[in-house]
Amino acid sequence: MNLFAEIRGLVLDTLTAMTAEGALPAGLDFAAVAVEPPRDAAHGDMATNAAMVLAKPAGMQPRAIAEALAARLVADPRIMLAEPAGPGFLNLRLAPVVWQGLVAQAITAGAGFGRSTLGQGQKINVEFVSANPTGPMHVGHVRGAVFGDALARLLDFSGHAVTREYYINDGGAQVDVLARSAFERYREANGLSPEIREGLYPGDYLIPVGEALKAKYGTSLLDKPESDWLVDVRLFATEAMMAMIREDLALLDVHMDVYSSEKALYGTGKIEAALAELDRQGLIYKGVLEPPKGKTLEDWEPREQLLFRSTAHGDDVDRPVQKSDGSWTYFAPDIAYHFDKVQRGFDALIDILGADHGGYVKRMKAAVAALSGGRVPLDIKLIQLVRLFKNGEPFKMSKRAGTFVTLRDVVEQAGADVTRFVMLTRKNDAALDFDFAKVLEQSKDNPVFYVQYAHARICSVLRRARDAGIAVDDATLLNADLTRLDHKAELDLAKKIAEWPRLVEIAARGHEPHRVAFYLYELASDLHGHWNRGNDDTSLRFVQEGDVAATQAKIALARATAVVISAGLGILGVKPLDEMR
RNA sequence: GGCCCCGUAGCUCAAUUGGAUAGAGCACUCGCCUUCUAAGCGAGUGGCUGCAGGUUCGAGUCCUGCCGGGGUCACCA
């Protein structure tokens, strides 16, 4: 239940009534009327812009509308005060009983508090990671994996039917390289010295693949030409890599619903079908592209290629779908793949790509726009890179894989929860510094710890109350006399909790999970602040000696805070802690 | 050169999708532990939101043009 939406409903009803009474001209559009928390708490609990938005179309002074609206709103028991302010805002102050009731709502809803029906069950596909199956996940994949998974959780929480999907890039030349690299390890397993030539993958992670190949094929492949073993070894090695990738992702608690293979699109007619659909729309033609301006390519030569008229849907130039040797470009099967997603009935698609793929965005959007008849929106989130540090020094590590920091390295150093949280404390399109020393620091400088500590403190209070023989189970708390929560500091904390359902919707609408992390930090800050107020004013402590009723009311507030922290961390994929140890 | 992203306090970043006097943390200054966890809290200092125009009741946010940083640019995925 979004309290802001509820009050907006009240405002709209009131405006409608005013129209009926002739206090407002008929036919006004209320769509732009908003009810929001004001930036400055001194302005009240909520503010509506109704008077400003309606002044011009109504041909009235904002002030006059605001005053008329205010006079009617205060008749509602939820509205304690309504006063026009500034250029025409109407500031609202809500009755304490609203906030007290909200505490009960949060406890009742528990982990589901803030769940929204915003998505209306809309089917939405989140494609992320989609790394080449040629080795373990490395640090560059971590942020995209965490972001995609958190976004999926956020969309699920806000009422969407989410599918997490991984597109296996197993159709290109790099999986042939993988096969040859694995074959050398297979020779090595048979006692021969491997020839890891330039361009092959040198990583140790292929040694067990070579041994597995030996277990399966013995020595039978050793003397055969590549053409005899390439297909089998490639399949074997690719599957081994995918198994490893799944394990890596599981370390971060990331689990895909669907794995789609690029290679599987070849030979099925799906690529041809997708291009035929584009062709039917007159978007496929043979042509020669202009050389890129301002950049000299020595080996440039005019080439006639099969092109997709992506410029018809907002791209800057048309894009080749076929190489000069007649084989498909990477783009062609990806078009087919997105066509497949459209045909599977998704209402919206999201792709999460590295920022270095920014040049790919327009053409993919163009393809989806054409193939779905403009019905299915595609949002592409570009993930900026992560710079690793340790105590402020650039961090390089190369144990297992030889040349790069792996996902496993990061998780083993920092832990999954810390890694996930930190990766989500920045907008996706801003670069992020990840310092192994700082993220493990146990101080308020570290947002992960800070939020966890707030949750642990609340659990500590609950334990203390139980030790004192006070019942604090949810059912009891719901029956507590919440009107005892009458102090401004307590109501302020309840107000922060009230923002949660609204924040979920804003974050979900914008595909911006980082907002959850920032909100949790603010909520934790409010909790810590309130906690310390108990130092000076013992009447604000959660546990009140000799007053069970007051204790239960105050602990209900603490419990509601914990519920929100827990729900928020759930979206980030981080486990709340009951104690800090 | 084209396109995309970024530019906000000394530093790292937010800013409720166009709202009121632009907010946090760090750093700096000053306070708070016989106390439900001081692993914390409070107060203060700090801004021409890169620059210049435009749109409107109102712009960090939208539009145009510059400046600076990053990414990317036909037969790589």
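Everything numeric in this text was worked out from a predicted model, so none of it was measured. Keep in mind that the numbers below use all heavy atoms, side chains included, and drop hydrogens, waters and symmetry copies. Each chain gets a letter, A, B and so on, in the order its sequence line appears, and its residues count up from 1.
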Write down the distance between [atom1] ([X]) and [atom2] ([N]), rounded to a whole number of angstrom.
X: A/Tyr519; N: B/rA15; atom1: OH; atom2: P; value: 16 Å
X: A/Arg515; N: B/rG23; atom1: CZ; atom2: P; value: 17 Å
X: A/Tyr330; N: B/rA74; atom1: OH; atom2: P; value: 16 Å
X: A/Asn446; N: B/rC26; atom1: CG; atom2: C1'; value: 13 Å

Using a 4.0 Å heavy-atom cut-off across all strands, classify [X] as base, sugar-phosphate, or nothing.
X: A/Ala55; answer: nothing
X: A/Ala34; answer: nothing
X: A/Phe518; answer: sugar-phosphate
X: A/Pro320; answer: sugar-phosphate
X: A/Asp315; answer: nothing
X: A/Gln544; answer: nothing
X: A/His357; answer: base
X: A/Gln61; answer: nothing

Choosing from [options], which nucleotide comes nearest the side chain of [X]?
X: A/Trp300; options: B/rC3, B/rA74, B/rA20; value: B/rA74
X: A/Tyr521; options: B/rC75, B/rU16, B/rA24; value: B/rA24
X: A/Asp356; options: B/rU72, B/rA74, B/rA77; value: B/rU72

Please tell me whether [X] and [Y] form a close aromatic pair, meaning their ring centres lie under 6.0 Å apart.
X: A/Tyr285; Y: A/Phe308; result: no
X: A/His530; Y: A/Phe542; result: yes
X: A/Phe389; Y: A/Phe434; result: no

Q.
Around atom NZ of A/Lys263, are there more than 12 heavy atoms from other residues, nucleotides or ligands closer than 6.0 Å?
A.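 Result for NZ/A/Lys263: enclosed.
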**Q.** Spacing of the C1' atoms in B/rA59 and B/rA22 (rounded, Å)
**A.**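 After rounding to an integer number of Å, I get 12 Å for this pair.
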Q. With rounding to whole Å, what would you report as the distance between B/rC6 and B/rG18 at their P atoms?
A.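 To the nearest whole Å, 14 Å.
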**Q.** Letter per nucleotide, 5' to 3', of nucleotides 57-69 of chain B [B base touched, S only sugar-phosphate touched, - untouched; heavy atoms, 4.0 Å]
**A.** B--B---------
Q.
How would you summarise protein contacts on nucleotides 30-40 of chain B per nucleotide, using B for base, S for sugar-phosphate only and - for none, with heavy-atom distances below 4.0 Å?
A. -----BBBSBB
Q) Charged N to carboxylate O under 4.0 angstrom, A/Lys390 versus A/Asp435? A)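 Between A/Asp435 and A/Lys390 there is no salt bridge, as every charged N stays at least 4.0 Å from the carboxylate O atoms.
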(Q) I'd like to know if A/Asp492 and A/Lys488 make a salt bridge, using a cut-off of under 4.0 Å between side-chain N and carboxylate O. (A)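 Between A/Lys488 and A/Asp492 there is a salt bridge, with a charged N closer than 4.0 Å to a carboxylate O.
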**Q.** side chain to side chain donor-acceptor pair (under 3.5 Å) partner of A/Asp351, the single match among A/His338, A/Lys365, A/Lys381
**A.**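 So, applying the side chain to side chain donor-acceptor pair (under 3.5 Å) to A/Asp351 and each of A/His338, A/Lys365, A/Lys381, only A/His338 qualifies.
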Looking just at side-chain N and O atoms, do [X] and [Y] make a donor-acceptor pair shorter than 3.5 Å?
X: A/Asp379; Y: A/His511; answer: yes
X: A/Glu83; Y: A/Asn91; answer: no
X: A/Ser261; Y: A/Asp170; answer: yes

Q.
Assuming nearest nucleotide by heavy-atom distance, tell me which of A/Gly86 and A/Asn132 is located more 5' along RNA chain B.
A.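 Checking each residue's closest nucleotide, the 5'-ward one belongs to A/Gly86.
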Q) For A/Gln384 and A/Asn169, take the nucleotide of RNA chain B holding the closest heavy atom to each; which residue's nucleotide lies nearer the 5' end? A)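 Nearest-nucleotide comparison on RNA chain B picks A/Gln384.
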(Q) Let me check I have this right: for RNA chain B, each base becomes ., (, ), [, ] or |, based on Watson-Crick or G-U pairs with both distances under 3.5 Å. What is the full string? (A) (((((((..((((.....[...)))).(((((.......))))).....(((((..]....))))))))))))....
Q.
In the structure I gave you, are the side-chain heavy atoms of A/Ser525 and A/Tyr450 within less than 4.5 Å of one another anywhere?
A.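 The answer is yes; the side chains approach within 4.5 Å.
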**Q.** Test item: A/Leu118 and A/Arg509 side chains (from C-beta on) under 4.5 Å apart, heavy atoms
**A.**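 With C-beta onward as the side chain, the pair touches.
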Q.
I want to verify the glycosidic state of B/rU17; is it syn or anti under the 90° rule?
A.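 With its glycosidic angle within 90° of zero, B/rU17 counts as syn.
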Q) Where does B/rC33 fall, syn or anti, if syn means a chi angle no more than 90° from 0? A)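 You should classify B/rC33 as syn.
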Q: Enter the distance from A/Leu432:CG to A/Phe147:CZ here, rounded to the nearest 0.5 Å.
A: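 It comes to 12.5 Å.
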Q.
Please determine whether any donor N or O and acceptor N or O are separated by less than 3.5 Å between the side chain of A/Arg426 and the base of B/rC13.
A.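 Flag unset: no donor-acceptor pair detected.
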